[in-house]
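For reference, the structure discussed in these notes is given below.
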Amino acid sequence: MTAGPLLSIEGLCVHSATGVAIVEAISLELARGEVLGLIGESGAGKSTIGLAALGHVRGDCRITAGRIVLDGMDLRLQSTEGLRRLRGRRVAYVAQSAAAAFNPALRLIDQICEGPVRHGLMSRREAEARTIDNFRVLGLPDPAHFGRRYAHQVSGGQLQRAMAVMAMSCGPDLLVLDEPTTALDVTTQIDVLAHLKKLIAGAGTAALYISHDLAVVAQIADRLLVLRHGRLVETGPTEEILARPQTAYARALVAERTGVALAQPAQTDAASASREASRPATAVPAAILDVQGLAVRYGRQDALSDASFALAPGETLAVIGESGSGKTSLAYAVCGLVPGHAGRVSLGGTPLAPGYADRNRDQLRRLQLVFQLPDVALNPRQRIGSLVGRPAQFYFGMRGAALAQRVAELLGLVGLDPALAARRPGELSGGQKQRVCIARALAAEPDVLVCDEVTAALDPLIAEQILQLQRRLQEQLGLAYLFITHDLATVRRIAHRVLVLWRGRVVALGPTGHVLREREHPYVRQLCASEPKMRRGWLEETLARRADPSTV
Amino acid sequence: MSAARGPSPESRPSGASRGWLRFAASGAPLVALILAAAALAPWVAPYGEAQFVGGVWDPPNLQHWLGTDNLGRDMFTRLLFGARNTVTLAALATVLAFGLGVTLGFCAAAVGGWVDALVSRAIEILLSVPVLISALMVLSVLGNSLPVLIATIGLLESTRVYTIARAVARGIVVREFVAAARLRGEGLAWVLVREILPNALAPLAAEGGLRFSFIFLFVASLSFLGLGIQPPAADWGSMVRENAQAINFGLAAPLYPATAIALLTIGVNRLVDHYLAAEARP
C-alpha cells in the first residue's frame, strides 16, 4: 500500500475502431474512501471512464493515451492475468442492468460467492456467511435463504442490491457503480440508494458513481466530474457545483432539476396553474376519449380495477404510479392490446371493441400509441422513410412523390432533418428514434396519442426537448394526450390533469396543481416526497421521515 | 499499442496470402467447384453416365483418372453426374422444406392461440417418428420417382425448419414494432413478410446451409438403402453402396464418392460458419 490517491487517471484518451474520440484527455484522482460522481448525458464517456478504472475497454475501442494508476500500479502495463487477479478483488463493478448481469441459470449465492472463492480469499462457507451478512445489511428479505433464488425470482430493486453484494464480496478498494438506480422507479430508487450509501460508508470503499441524474449523484458523491462528449466540463465538490455551477452546461443540468424540485410550492403551482389555464377555452368540451370501469386481470391477479376517466380534445391527462401499479396495463387496455379486460372505452362517442383486432381501420387510426422504448418500437430492418410513411400509405393511400413529401413534412414537424429518411433506426440516437416514433404516430393524423413513458429511457435534457416538442404539437394540432409516466417532474411540465394509480387503483384524479398540492392520499404524499431533490442531505431527511410513522 | 498495429511493408504479402487462405477456408471455392461440376457434367465428363468402358474396379490410370466402378464404368464421370443428381435433388428439397416450414412457423408464431397449438402438435407427431422410417414408409408405398422423393424429403425436413422458424419468430412478434404494425391494422401477410422475415433472415440463412447438408446426407443414405435415385443414374450415396465390396479387396473405389460427400458437407458448413461470423460482426 502506498500513500497518495487510490486511483489516478492522467490524460486518458479512448478512441473507437473508426477513430472517433470517445474520451479525450480526462484526468482525475480518487482518494481512499472518497465517492466521486461522474455525470453527463449518454455518449459523454462516463461508462468508458468507469470501465477504464478496471483496465477494460469495450470491444472495438482502445486506449490511445494516458495512464491509469491504481494504488501505484499502472493498469495499462498489466498482463491479462494480472488484470484478472485485480478485478473483483481490488476493483469491482456494478452494472446498470442487474437483470442482464446475472446468469439466469445459476442461483444468486453461487454467483456472489464465486469471486472470493476463485480469488482464494475465503472458503465457500466463509463467503456464504459474509454474503448473508451483506444481504442483511442491504435489507433484503429472508437473508438466510435469499441467495437460493434465481435472478428472475426477485424484483428489480432487490436484484440491484444483490449485485452490490456481489461487487462487495471480495472487499474491494474501489467500486465502480454504473447507473445502478437508473432502471428503478423513484420509490425503489431511494431504498437502493440508501443501502448503497450505507454499504460504501461502512466498508470505507472508494467509489466512482456514474449517473445522468444530478439529483441522485448529489446524495452520494463527495465530488463531481461533469462530462460532455468525452471532455471534462467542470469538476469540484458537490455543494460547490450545485450552488455555483461555472459552465453553461452544468447550469443547464442543475436547472433541469432545481427548476422543479427546489422551486417554492407557489412557483410550482403557478406553473401547473398556467398549464391548466392553457386548456381549450370551450366550457366542457365533449370528451374525445371516455373510459368507464376499466379493469385488467392477468390470471388471478388484478393489474387494474375500476378506472374511469375522460379526456377532452387538446388536453393532457398524465397517469402516474410506480412500476407494477397498472399504468401500462391501462394504456394497453385503452389501445386494445390486452385481451379480455372489462369496462367500456369510447372514442368520439363511439364505443370501441375491447380488442384491437375488432376495431375498424378508422378507429385504429384515430388512437395512436407511442411506445416506451424507441429501440424496439421501430423495425431495425426498415428505413426511417418507410417507417414514417407507412401509416400515410396505409390509411390515406399516399404513394410516390406525395408520400415522400409527406414523410419530409412529418420529419420536419418533429424537428428531424428530412435527409434522415434514408437511414435505418440503428444509425439514430435515442432521442431521434423517439421523434421518429412520434412522427409515425402523427402520420396517422390521430385524435388521441397514448404515450407510454416516452421519456423514461432518455437523458433528462433530451427528454425535456421531447416534452417541449409534444407541447408544441399539441398546440399546433389540437391532440389529446394520455401520458403514462413515473416521473413527477414530467407530470408538472406537461399535464393539465393527473390520475394517480397505486396497486391497480385510482387514488387521485384531478387538475395537476390541485392533486399535487392537496396530496389527499398517503401514496401521493410518498410519491411527492420520493422525488430526488438537488441538495445534499435530502436522502437522509426522506428516510427519517419515512421511518417516522406519524408522517406517512 | 498503436505502434504494434502499424503494418510494416514486410508483413503485407503474408497479410495478402492470409486473406487468400481465409477465402479458401471459407468453403466458397469448394462449394463453387462442386456446383460447377454439377452444372457442367454432360459437357466436361470424359464418358457417358452409364457407359461401360473398362474392367471391374480398374485402378486409376491415364484413361480413367479414378479408375472404374463395380460394372466397369468410369468413376470420375459418375462422380460428376452424381454431383448433378444429388445436389439438384437436395437443393429442391431444401427450398421446399424452407418454403413450407418458414411459412407455417411464422404463421403459428404470429397468430398464436389454437392455430399455434394445432400446427405445433401435428408437427411434433411427425417429429417423433424417425425421419428415415417415415421416408422408407412413404417411398415404398408411393414409389421413388424424383418428384415423390423431393416432396417426401422436403415435407419431412420442413418439420425441423418449422421448429426453428417458429422459435425465431416468437422472439420477434413480442417486440413492439410488431405490436405497432398490428395496432395500425396491418394484415397477416404484411406482418410476416415485412416485419418478421427481414429480422429472421440471418438465423434462417444459417439454418438453410446446415439443412442443405443434412438433406444431402439424407439423400445419400436413402440411395445407399436403394430407395433414392435409381440406377443407372449416378448419385454419390448409391455409388458408395455399389462399390462397398471393393474395400474387401483393398481397393479405394468406394472412398471417392465418400470423400465427395464429406467435401460438400464440410464446404457448405464452412460457408455457413463464415456467414454467421460475418453477421455477428457489428
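A quick note: this is a predicted structure, and the numbers were derived from the prediction, not measured. In what follows, chains carry the letters A, B, and so on, assigned in the order in which the sequence lines appear, proteins first and then strands, with residues in each chain numbered from 1. Any value given below was found using the heavy atoms of this structure, including those in side chains, with hydrogens, waters and symmetry copies removed.
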- Query: What residue pairs, at least two apart or across chains, pass salt bridge (charged side-chain N to carboxylate O under 4.0 Å, His left out) with a residue in residues 435-447 of chain A?
  - Reply: R366(A)-D447(A), R406(A)-E445(A)
- Note on the structure: Between N199(B) and P380(A), the two heavy atoms sitting closest are OD1-CG, 3.2 Å
- Message: Quick check on F214(B): does its CZ atom have over 12 non-hydrogen neighbours (other residues, nucleotides or ligands) under 6.0 Å away?
- Response: no
- What parts of residues 169-176 of chain B touch chain A if we use heavy atoms and a cut-off under 4.5 Å? R175(B), E176(B)
- Here the pair of heavy atoms bringing L183(B) nearest to Y395(A) is O-OH, 4.1 Å
- Item | Heavy-atom contact with chain B under 4.5 Å, split by part of L369(A) | side chain
- Query: At a heavy-atom separation under 4.5 Å, does Q368(A) approach chain B through its side chain, its backbone, both, or neither?
  - Reply: neither
- Item | Nearest-0.5 Å distance that lies between atom CG in L364(A) and atom CD in E186(B) | 10.5 Å
- Message: Are the side chains of R194(B) and R390(A) in contact, using a 4.5 Å heavy-atom criterion?
- Response: no
- If we only count heavy atoms from C-beta on, is the P391(A) to R184(B) side-chain gap below 4.5 Å? yes
- Count the heavy-atom pairs under 4.5 Å between each of G426(A), A357(A), A377(A) and chain B, then report the option with the highest count. A377(A)
